[in-house]
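First the proteins, then the strands, lettered A, B, ... as listed; each starts at 1. Small disclaimer: the values here were computed from a predicted structure and weren't measured.
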Amino acid sequence: MIARIIVDVSAKQTDRQFDYLVPPEYEPLATPGMRVVVSFGPRKVQGFILSIGQDSSISNDKLKALDSLTDLVPPLTTELIELSVWLKNHAVSNHISVLKSMLPSAMRANYRKHLILNDDVDCSESDREFLLKQFQDKPLLDWDDWYKHATTFEHKEMSRAINDGFVRVEPVVATGETTKTERHVRLIRDPKTSEEAFLTLAKRTKKQAEIVQWLSEQETDHYPLKQLSVSSSVIKGLEEKGWVEKTDVVIGRDPYEGREFKQTTNMELMAEQQEVFERILPAIEEERSEIFLLRGVTGSGKTEIYLQTIEKVLKKRKEAIMLVPEISLTPQMVTRFKERFGSRVAVLHSALSKGEKYDEWQRIRKGEVDVAVGARSAVFAPFQNIGMIIIDEEHEGSYKQEEEPRYHARDVAIKRAELYHCPVILGSATPSLESYARAVKGVYTLLEMERRVNDVAMPDVTIVDMKDELRHGNRSMFSDALIERMRNRIEKQEQIVLFLNRRGYSTFIMCRDCGYVAECPHCDISLTYHQPINQLQCHYCGYHHTVPHQCPECTSDAIRYFGTGTQKVEEELQEVIPEARVIRMDVDTTGRKGSHERLLSAFGNHEADILLGTQMIAKGLDFPDITLVGVLAADAMLHLPDFRASERTFQLLTQVSGRAGRHLKAGEVIIQSYTPEHYSIQDVTKHDFTGFFQKEMLMRKQAGYPPYYFLVLIHVSDEALDAAVLATEKIANYLKNNLSDQAKIYGPVASSIARIKDRYRYQCMVKYKIEPNLTETLRNLYQLFDGELNKGGLQVTVDTSPNMML
DNA sequence: AGCACGCCGACT
DNA sequence: GTCGGCGTGCTC
């Protein structure tokens, strides 16, 4: 029996199947999708069985047998294996990277080396002394741990001992899977059959008898120790007399342990919601892989539609996957799912510990749940009978993985839906241009909801031209209109959300006399000033430096701070409205686990009047007393070197505006901008998605960008500038010669940040409409550079669904 | 990717 | 003479 295996060695040359013999004792067990340990060259690595066969093209004497099976049940289903083959081609990625990204991190291999003392060796007295000192009584040493603490002399001595055969090195393949156990008490004597002994027990030790009696009345024979509220001496007494014993029982980690979720039932749907709901139902019933684009304005009740369609899916005894952007996987969202579906929901997101993620994943794999709610990677949830996949906030950038494999969760979801013949719902108030264009074209089914639940009015949006403010002599970052409105709301005890898309204190420092700007010595980017630690930081490589008091160029002391971050806004806010209570939310204040939730609930409890924050407050906030939203610098994103800059600006402004007046009180939004005439800002005031869509489509058509063309971005970096340029040139020429005449190839061009961590960055872009040999051609790119790529100097990455052009 | 094999320079 | 530099090529 032959197992065809993908090994965990991520390189172009090893990105193929290797055949191994299956030892006879494993033959009944070995199944595709299982992890195995194999000898690969001189070392041991993890691998995945792709398929089982009877013959191999490799001659039998060259075949090795696989070492061991890691799993009894394959973690990857046959469908996931099939999906992995599609995805590695689609994303031009190594197969192993795809397989690994389908599993929770705890199941990835962990490579260690053990040092083991050989028996019966004939070594000198001094060697013996050295080895005894190193090993003491331990049967083995972990190489990494030992190496860290040993001296250079000891390193030398040890490698000699290995060479002389006194010590051997054994490679070990481990995984990070752990289980959580709980101490239980088990009754080993029945008080009924040992009545006499029980009576004696009851006579002298009343408490112990009570416990025995109570345990004997329970359904199970073992019971969690910590739930028996008795002193440990009572249990100890019972143990000594042979009534009970303690055991460890494996329990699933429950990230929401101790939280009570009160069951909710379906809310009544509004007319628009009902109509949408009824359009989706037939696809579920008829098991069609139809793709719905649900565009519903903020507050139109998309989540309730998700919940009710999932309910229909569950009634058909099928499973549902619900994807949410990491950033909006808020407690509010999780609670809504838990309340509706109770213990049938598994939640997968980054705030869970490794072990919790692993247990939630196992619950899916074992079929203990039928709904998975999670961020991007939950698209690989190992269900086997998927009836529906939902992607909420479909336009969000976080659905794109920016590491290998560079995939977009939307593409994977659509592929899986095809395999399972089930519908997909893409939901958003501001769909991506690509998806909306497909819906308009009829590739997707377009469903729209223009009204908020209970007919709450859309907020009133006003744009303030900050150039005017400057002319009036207002140099602060708050316009007069915004200050006036904020005072008014605080008086009325209503709440305010202020949005600024930039953390830190200020963006850069500059010398007023000579124009010197502090830049990172390793990257072509200016350093950001962080006030609490009084340091200049590089956000790309982590370089930091104390702030100079004098200009390093001209020794002038006229150093000024430019640009504004959330820290500085908070400071100025205190000056302008001293009575305002402010909560600041950005990466710097929400770093610790649970702080996100804590700050939000504090705001919900009216412990502050103003919530000031970055991106992370744009979504999912739903508090009834927010009646004012202020956007401090609407054009911050507009001028980024990215063809999606306008789209992102419109989406963000719409999302933030949607935080205001969601309930009884009317909402108002103030947008401050230096380019108020831009359509991506203007259309927000009119809540006019389709208007924006048409204008932006025109721009994309003229510039030849998606949705009119597909893009591929090839990114090249090297320590040497000329090597990077040369390699990019080579790639561009190769593509010109091997793709059709319709494809347009641009480059080499320097990336917008031309150097990061001392590496020069160049790129080459392909625009195409139909290109049947694309993935094959892209795969062959790597052959242009055989050796150079191995040396580690040159790096080439291919992205078939690029997000940013940076 | 690792790791061994193999071929050249600077050292006890 | 040998130790160790890293270029080259292979892994079922």
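- Here C:dC12 presents its C1' atom at 15 Å from CD of A:Gln13, a figure rounded to the nearest Å.
- When the P atom of B:dA1 is taken as reference, atom CZ of A:Arg16 falls 16 Å away, rounded to whole Å.
- Scanning residues 91-108 of chain A for heavy-atom distances under 4.0 Å to DNA chain B yields an empty list.
- In this view, A:Glu170 and A:Arg168 satisfy the side chain to side chain donor-acceptor pair (under 3.5 Å) rule, not counting sequence neighbours.
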- Take A:Lys354 and A:Ser105, measure what side-chain hydrogen bond (donor to acceptor under 3.5 Å, both in side chains) needs, and give me the verdict at the end. CA-CA 7 Å; A:Lys354 229 176 169 186; A:Ser105 60; 4.9 Å; no
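- Judged as a salt bridge (Lys or Arg N to Asp or Glu O under 4.0 Å), and not counting sequence neighbours, A:Glu404 has no contacts.
- Residues satisfying the salt bridge (Lys or Arg N to Asp or Glu O under 4.0 Å) test with A:Asp799, not counting sequence neighbours, are A:Lys400.
- The stretch residues 55-62 of chain A comes close to DNA chain C through A:Ile58, A:Lys62, each having a heavy atom under 4.0 Å from the strand.
- Remark: P of B:dA1 and CD of A:Gln46 are 18 Å apart, rounded to the nearest angstrom.
- When the ring pair (Phe, Tyr, Trp, His ring centres under 6.0 Å) test is applied to A:Tyr709, no partner is found at least two apart in sequence or on another chain.
- In terms of the side chain to side chain donor-acceptor pair (under 3.5 Å) criterion, residue partners of A:His522 (sequence neighbours excluded) are, by chain and number, A:Asp758.
- Proximity of residues 30-44 of chain A to DNA chain C (heavy atom under 4.0 angstrom from any strand atom) is restricted to A:Ser39, A:Phe40, A:Gly41.
- Per the geometry, NZ belonging to A:Lys12 stands 16 Å off C1' belonging to B:dG2, to the nearest Å.
- Under the side chain to side chain donor-acceptor pair (under 3.5 Å) criterion, A:Arg376 pairs with no residue at all, not counting sequence neighbours.
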Name each donor-acceptor pair under 3.5 Å that joins a side chain in residues 69-86 of chain A to protein atoms two or more places apart or in another chain, with its distance.
| from | atom 1 | to | atom 2 | distance (Å) |
| --- | --- | --- | --- | --- |
| A:Thr70 | OG1 | A:Arg35 | O | 3.4 |
| A:Asp71 | OD1 | A:Arg35 | NE | 3.3 |
| A:Asp71 | OD1 | A:Arg35 | NH2 | 2.6 |
| A:Asp71 | OD2 | A:Arg35 | N | 2.9 |
| A:Asp71 | OD2 | A:Arg35 | NE | 2.9 |
| A:Thr77 | OG1 | A:Leu80 | N | 3.2 |
| A:Glu79 | OE1 | A:Arg416 | NH2 | 2.8 |
| A:Glu79 | OE1 | A:Tyr420 | OH | 3.2 |
| A:Glu79 | OE2 | A:Arg416 | NE | 3.0 |
| A:Ser84 | OG | A:Ile81 | O | 2.6 |
| A:Ser84 | OG | A:His95 | NE2 | 2.9 |

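- The CG atom of A:Leu63 sits 12 Å away from the P atom of C:dT11 (whole-angstrom rounding).
- Going from atom CG of A:Leu21 over to atom P of C:dC12 covers 12 Å, rounded to whole Å.
- Annotation: salt bridge (charged side-chain N to carboxylate O under 4.0 Å, His left out) contacts involving residues 50-62 of chain A, sequence neighbours excluded, comprise A:Arg4-A:Asp55.
- Scored by the side chain to side chain donor-acceptor pair (under 3.5 Å) test, A:Ser526 finds no partners at all (sequence neighbours excluded).
- Comment: A:Glu360 engages A:Arg363 in a salt bridge, judged by a side-chain N to carboxylate O separation of less than 4.0 angstrom.
- With rounding to whole Å, A:Tyr782 atom OH is found 11 Å from B:dA1 atom P.
- Note: CD (A:Gln17) to P (C:dC12) measures 15 Å, nearest angstrom.
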